[in-house]
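Inspection log for the structure reproduced underneath, given as structure tokens.
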Amino acid sequence: MNIQNNSNNFDCIIIGAGAAGLFAAYSAGTRGKKVLVVDHANKIGKKILMSGGGRCNFTNYYIEHDRYLSKNPHFFKSALAQFTQWNLLDLVTEHGLEHYEKELGQLFCQHKSSDFLDFLKALIQPLDVEIRTSTSVTKIQKNKLFNLTLSVNDKTYSTSSSSLIVATGGLSIPTMGATGFGYEVAKQFGHPLLPTRAGLVPFTWNNKDKERLSALSGTAIPSVISIHNQSFSHQILFTHRGLSGPAVLQISNYWNEGESLDIDFLPEHRLSQWLADQSSQKSLGTVLKLLWPNKFVQIWFDQFDLTMQVAQLSNAQLHELDQMVHHWVFKPGGTEGYRTAEVTLGGVDCDEVSSKTLESKKQANLYFVGEVLDVTGHLGGFNFQWAFSSGFVAGQNC
Ligand code: FDA
């Protein structure tokens with residue numbers, strides 16, 4: 001990337017070269033703006049490269065409002081309407097980026113995540129956009145312009161611009177360059193912050209469950225997991241550390257420290273009724289293995305004599321089996337935290353940011369986009385769509 005050790009002026013400086021920052025650069029660049037993007041990481045778009053299991057789930061056919069969490073449940077609607085998944089798909093198609101729908105409307109790159117980053121680079125390439133990596137922002141001052149002190153290789157220099165877009169993301173995966181810098185900028189300009197916590201993150205065992213259940217590591221069971229009237233239906237994956245898999249990541253956005261979750265390992269049938277339809281002469285273990293892997297049956301039903309015939313089960317035992325299977329109350333020890341979380345919940349309070357332009361209500365010409373804001377999507381391409389929509393809107397207004 002182009003690095004210049006001199007002072008210069010830009011129409012717009014963007015801090016953070018992730019999904020939101022790069023899209024804001026594209027959007028502002030198409031309006032003829034002279035744009036500088038700075039990132040302290042040595043490469044741009046690191047999270048794009050590691051996303052979607054290496055194939056970047058870049059959007060979803062069904063971008064619906066109930067797929068987003070924010071203290072202000074209306075804030076994200078305008079940006080999502082101003083730049084929709086269909087607008088993104090038009091660009092993707094125009095640039096010949098091969099992609100496919102995996103499931104539930106989730107759109108992935110056909111080959112690899114780097115194809116999506118190449119697509120973003122191709123969007124920006126013809127525009128007056130300069131990107132400086134390995135560059136830190138050490139100071140921001142607002143006079144008539146925003147004056148930024150930038151630092152690269154221990155040398156500092158100053159630069160200025162009429163507008164500033166903060167696109168520094170959240171706290172998840174610090175090893176990929178995540179910092180709380182955006183929150184510091186928000187504070188500097190008088191913005192209230194909402195408490196942050198890890199989202200789309202695996203749960204860890206409490207001590208009691210760990211002893212008994214870590215042996216199930218590697219087992220995946222289609223389940224429904226619920227809390228606070230929210231339910232997600234998908235695989236639950238047992239790991240050495242706790243529970244993971246799509247349904248677990250989804251529900252983690254709704255879970256608070258100390259709460260318990262309700263898990264149904266057989267959502268399609270009532271176990272007691274299903275057992276009544278089986279041959280009563282068969283052993284309990286034999287029929288349960290028709291439903292679940294052997295390892296799960298051995299460990300989950302360890303207090304039952306699996307050699308007993310189905311016909312011998314008492315009503316009390318059938319009731320107990322139903323409870324164990326349809327209402328397992330799981331109290332996580334915690335989550336794996338920002339180390340593995342896909343997103344950060346909370347952040348810059350949206351009430352002090354214009355939903356129409358993403359400009360700060362506290363400081364003219366200052367914008368916040370992407371994950372730094374208190375907007376978090378479900379798993380499935382919703383977070384990247386928010387990054388692109390919010391980046392686009394700020395780029396149109398800066
Ligand atoms: P993002 O974090 O992408 O970018 C912020 C940028 O700011 C980074 O480049 C960082 O280096 C830079 N920065 C931070 N502090 C700075 C500082 N002090 N100075 C200068 N630069 C600074 N979502 C989705 O929709 N589909 C998916 O498939 C996935 N998959 C996925 C996998 C994994 C492993 C993770 C961790 C996350 C996902 N996500 C996802 C979530 C998605 O990656 C996330 O929501 C977006 O990247 C957010 O985009 P932003 O541009 O806001 O932040």
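Here the structure is a predicted model, which is why all the values come from computation and not from measurement. Heavy-atom basis, side chains included; hydrogens, waters and symmetry copies ignored. First listed ligand is number 1; within each ligand, the first listed atom is number 1.
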Is there any protein N/O under 3.5 Å from an N/O of ligand 1, and what does the full list of such pairs look like?
from	atom 1	to	atom 2	distance (Å)
ligand 1	2 (O)	Lys47	NZ	3.4
ligand 1	9 (O)	Asp39	OD2	2.5
ligand 1	11 (O)	Asp39	OD1	2.7
ligand 1	11 (O)	Asp39	OD2	3.4
ligand 1	15 (N)	Thr179	OG1	2.6
ligand 1	18 (N)	Thr179	OG1	3.4
ligand 1	21 (N)	His40	N	3.3
ligand 1	25 (O)	Asn383	N	3.4
ligand 1	25 (O)	Phe384	N	2.8
ligand 1	26 (N)	Asn57	O	2.8
ligand 1	28 (O)	Gly52	N	3.0
ligand 1	28 (O)	Asn57	N	3.2
ligand 1	30 (N)	Gly52	N	3.3
ligand 1	45 (O)	Glu371	OE1	3.0
ligand 1	51 (O)	Ala19	N	3.2
ligand 1	51 (O)	Ala20	N	2.9
ligand 1	52 (O)	Glu371	N	2.9

field: Gap between atom CD of Gln363 and atom NZ of Lys142 - 0.5 Å precision
entry: 5.0 Å
For residues 168-186, dump all side-chain donor-acceptor pairs below 3.5 Å to protein atoms at least two apart in sequence or in another chain.
from	atom 1	to	atom 2	distance (Å)
Thr168	OG1	Gly182	N	3.2
Ser172	OG	Lys47	NZ	3.4
Thr179	OG1	Phe181	N	3.1

task: Run through Leu271, Ile221, Leu275 and flag the one making a side-chain contact (heavy atoms from CB on, under 4.5 Å) with Leu291.
output: Leu271
If you look only at distance, which donor and acceptor atoms sit under 3.5 Å apart when one is on a side chain in residues 191-202 and the other is two or more places apart or in another chain?
from	atom 1	to	atom 2	distance (Å)
His191	NE2	Ser360	OG	2.6
Thr196	OG1	Tyr338	OH	3.1
Arg197	NH1	Trp255	O	2.9
Arg197	NH2	Asn253	O	3.1

- prompt: Hey, would you say the His95 and Phe119 ring centroids sit under 6.0 Å apart?
  reply: yes
message: Under 4.5 Å side-chain heavy-atom separation, chaining through any Ile, Leu, Val, Met, Phe, Trp or Tyr, what else clusters with Phe108? Say none if it is isolated.
response: Tyr100
